[in-house]
Amino acid sequence: LGLAAVDVRAAAMGQLRLEVFLAESQAAGKRCVLIVTGKGLHKEEGGVLRANVPRWLNEAPNRAKVLSFDYAQQKHGGTGALYVLLRRRR
């Protein structure tokens, strides 16, 4: 795959794990990472993480690290995962 990836489904503290992952990825010079949220197929409106991760990406301190994000290609998880483009470190 070539992307750094984190699966926040298994993390009890998903928001904190996401913040640490983004900070470590940016510090390592990564520009694109994959975040697996899962699709939340057991709920009609989708999963909690699928709804919350985009919001968390738009909140401090993550917003300062994130250039943009979008759903992944089907082979990388489709709507159950997000590609996140990271800003370059200054």
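Residue pairs satisfying the salt bridge (Lys or Arg N to Asp or Glu O under 4.0 Å) criterion with at least one member in residues 52-72, sequence neighbours excluded, are listed as follows: R55-E59.
Nearest heavy-atom pair, L86 versus Q26, reported as atom, atom and distance to 0.1 Å: CD1-N, 3.9 Å. Smallest separation of non-hydrogen atoms from G77 and K39: O-CE, 3.6 Å. Across all their heavy atoms, R50 and G38 have their closest contact at CB-O, 3.7 Å.
With sequence neighbours excluded, the residues forming a side chain to side chain contact (heavy atoms under 4.5 Å, CB included) with R88 are R31, listed by chain and number.
Of the candidates N58, I35, V53, N58 is the only one forming a side-chain contact (heavy atoms from CB on, under 4.5 Å) with F69.
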(request) Assess whether side-chain contact (heavy atoms from CB on, under 4.5 Å) is satisfied between L3 and Y83, documenting all intermediate values. (result) CA-CA 9 Å; L3 294 173; Y83 295 128; 3.7 Å; yes
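Here the side chains of L82 and L34 are not in contact, with every heavy-atom distance at 4.5 Å or above. In this structure, V36 and L49 have side chains that are not in contact, with every pair of non-hydrogen atoms separated by 4.5 Å or more. The shortest distance between side-chain heavy atoms of V66 and R87 does not fall below 4.5 Å. You'll find the side chain of T37 stays beyond 4.5 Å of the side chain of N52, heavy atoms only.
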